[in-house]
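What follows is one structure encoded as structure tokens, with my remarks underneath.
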Amino acid sequence: MLALRRARAKQFVWRRLSSTTRKLEQKRALLLKPLVLIAGVSTAITAYLALCDQPYSSPSRSGKPSLNPSHFTPATLIESTQTSSDTKLLTLSLSPDSIPQDRQESASIWSVFVKDDDIQVERPYTPLEGIDESGKMSFWIKKYEHGEVARWLHSKQVGSAIELRGPVKTWTWKDGAWDDIIMVSGGTGITPFYQLLHHIFSKNACKGRLTLLHASKTPADLPPAHMMEFLHSIAEKHPDKFRFRVFVDSLDVPQQLKTKIPLDLTCDRIGKSALQDALRLKKVTPWWEALFWPTSVPAVAEDRRLIVLICGPEHMVNAVAGPYGRNYSQGKVGGILAELGLKSHQVWKL
């Protein structure tokens, strides 16, 4: 009897020990899982940092530091010309090895990001004529009070190194996709349209009609002379393909600035009448008929093959096409263009 009780007691103690051991093993396993996970994540992060521990300006895998959207490439400032009180025409040059094989000749509007080395901030700018065969790029840049990169660029002297990355497409040109392309620009917002027009007419690859409406504050704030001359020249050579109108808020020019005022300036803002004309919505009504019946301008048909591109100061974009959406997305069409019946597929805000 005593032997039986001892055997049962041993059995009971063994079961308790086995149960306790199992519980300890389960707790240990639960504790080890997050440790294993942490160790795995740490290993992955270490491997990523080891693989990506290369500066943005480092050469590509081919050994040539060509201009690329994924890393920064050094360029040299070779020319800096003051064009107004707050704008400069800057020319940068890439080394021969940095010139990309595809110089974006097939793309329409594209930009490059310029990095301010002092505060490690980048901003996109549009090369006026793209990249030429020698690696030169020209930019017309305005200095804003709170524009860190623009102020930094204006302070640079000829010979300075400036890092770029790109090209980054802004808008894709599709020849034959539209019958009419209307471009509305303000200030340095003309640069993407200048690039587009330079590309189109240098290739003679336009099947539709193009119109550019540009606005500046005064004649002294107009684009550099060579840009204006090019735009006027293609308007004269291809009147059936391209129309160019220039608007200014005021004709006043400071006496210290010897600015030649073009004869074809319109002293007004780009308003509803100018846009109706660009969209070819003007309705010709005999004067006697207008006395008895109010004239009404037809709205843009939804199936009409046209697009309005706009780039300029935010208040101008708001008035003409409505405000941007969140994070500078397109947002809804508003302003004058909404009044004229344009839909979202007919408007693009750069």
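Predicted model, so just to flag it, every value in this text is computed and none were measured. Keep in mind that the numbers below use all heavy atoms, side chains included, and drop hydrogens, waters and symmetry copies.
Between His226 atom NE2 and Leu89 atom CG the span is 5.5 Å, to the nearest 0.5 Å. Taking CD1 of Ile162 as the start and CG of Leu153 as the end, the distance is 5.0 Å to the nearest 0.5 Å. In this structure, CG on Leu92 lies 12.0 Å from CD on Glu163, to the nearest 0.5 angstrom.
Using a 4.5 Å heavy-atom cutoff, the side chains of Arg123 and Phe113 are not in contact. Contact check for Leu197 versus Phe242: side-chain heavy atoms found under the 4.5 Å cut-off. With a 4.5 Å cut-off on side-chain heavy atoms, Leu212 and Ile182 do not count as touching. Here the side chains of Val168 and Val112 are not in contact, with every heavy-atom distance at 4.5 Å or above. With contacts defined as side-chain heavy-atom distances shorter than 4.5 Å, the pair Leu342/Val300 qualifies. Residues Thr170 and Thr126 have side chains not in contact (no heavy-atom distance under 4.5 Å, counting atoms from C-beta outward). Contact annotation: the side chain of Leu67 never approaches that of Ser98 to less than 4.5 Å [non-hydrogen atoms, C-beta and beyond]. At a threshold of 4.5 Å between non-hydrogen side-chain atoms, the residues Val317 and Pro323 do not count as touching.
Applying the ring-ring contact (aromatic ring centres under 6.0 Å, His included) rule to pairs touching residues 126-150 yields nothing, sequence neighbours excluded.
Scored by the ring-ring contact (aromatic ring centres under 6.0 Å, His included) test, His238 finds Phe201 as partners (sequence neighbours excluded). Taking the ring-ring contact (aromatic ring centres under 6.0 Å, His included) definition, one finds that His198 meets it with Phe230, sequence neighbours left out. Judged as a ring-ring contact (aromatic ring centres under 6.0 Å, His included), and not counting sequence neighbours, the contacts of Trp178 are Trp171. By the side chain to side chain contact (heavy atoms under 4.5 Å, CB included) test, Ala321 pairs with Ile310, Leu337, Val347, Lys349, sequence neighbours left out. By the salt bridge (Lys or Arg N to Asp or Glu O under 4.0 Å) test, Glu122 pairs with Arg165, sequence neighbours left out. Listed by chain and number, the residues in a side chain to side chain contact (heavy atoms under 4.5 Å, CB included) with Thr266 are Arg245, Phe247, Asp268 (sequence neighbours excluded). Scored by the side chain to side chain donor-acceptor pair (under 3.5 Å) test, Glu339 finds Lys272 as partners (sequence neighbours excluded). Taking the side chain to side chain contact (heavy atoms under 4.5 Å, CB included) definition, one finds that Arg151 meets it with Lys143, Glu148, sequence neighbours left out. Among residues two or more places apart in sequence or in another chain, the ring-ring contact (aromatic ring centres under 6.0 Å, His included) test is passed with Phe193 by none. Every residue meeting the side chain to side chain contact (heavy atoms under 4.5 Å, CB included) condition with Gln120, not counting sequence neighbours, appears here in chain and number order: Lys115, Asp117. Listed by chain and number, the residues in a side chain to side chain donor-acceptor pair (under 3.5 Å) with Asp118 are Trp152 (sequence neighbours excluded).
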Apply side chain to side chain contact (heavy atoms under 4.5 Å, CB included) to Asp180 and Thr211, showing your working. CA-CA 8 Å; Asp180 286 285; Thr211 301; 5.7 Å; no

Would Arg269 and Asp249 count as a side chain to side chain contact (heavy atoms under 4.5 Å, CB included) if you check the C-alpha gap in whole Å, the side-chain angles of each, and the deciding distance to 0.1 Å? CA-CA 6 Å; Arg269 295 192 174 183; Asp249 294 341; 3.5 Å; yes

CA sep, side-chain torsions, deciding dist, call: Arg280, Asp179, salt bridge (Lys or Arg N to Asp or Glu O under 4.0 Å): CA-CA 12 Å; Arg280 292 175 167 81; Asp179 296 325; over 6 Å; no

Going through the checks in order, is the side chain to side chain donor-acceptor pair (under 3.5 Å) test met by Ser250 and Asp252? CA-CA 5 Å; Ser250 170; Asp252 295 335; 3.3 Å; yes

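Donor-acceptor pairing under 3.5 Å is lacking for the side chains of Ser329 and Asn327. In the model, Thr191 has no side-chain atom that pairs as donor or acceptor with a side-chain atom of Thr188 under 3.5 Å.
Here the closest non-hydrogen pair linking Ile99 and Ser134 is CD1-C, 3.6 Å. Of all non-hydrogen atoms in Ser111 and Pro127, the two that sit nearest each other are CA-CD, 4.1 Å. Residues Ser84 and Ala220 approach most closely at CB-O, 3.6 Å, considering heavy atoms.
Each of Leu196, Leu350, Val308, Leu213 was scored for a side chain to side chain contact (heavy atoms under 4.5 Å, CB included) with Met183, with one residue passing: Leu196.
Under the 3.5 Å distance criterion, the side-chain polar atoms of Ser233 are matched with a main-chain donor or acceptor of Glu229. Side-chain N or O atoms of Ser185 include none that pairs as donor or acceptor with a backbone N or O of Gly189 at under 3.5 Å. Formation of a donor-acceptor pair under 3.5 Å by the Gln195 side chain with backbone atoms of Trp110 is found in this model. Remark: side-chain polar atoms of His71 are paired, donor with acceptor, to backbone N or O of Ser66 under 3.5 angstrom. Between the side chain of Asp221 and the main chain of Thr218, a donor-acceptor pair closer than 3.5 Å is present. No donor-acceptor pair under 3.5 Å is formed between the side chain of Arg304 and the backbone N or O of Gln346.
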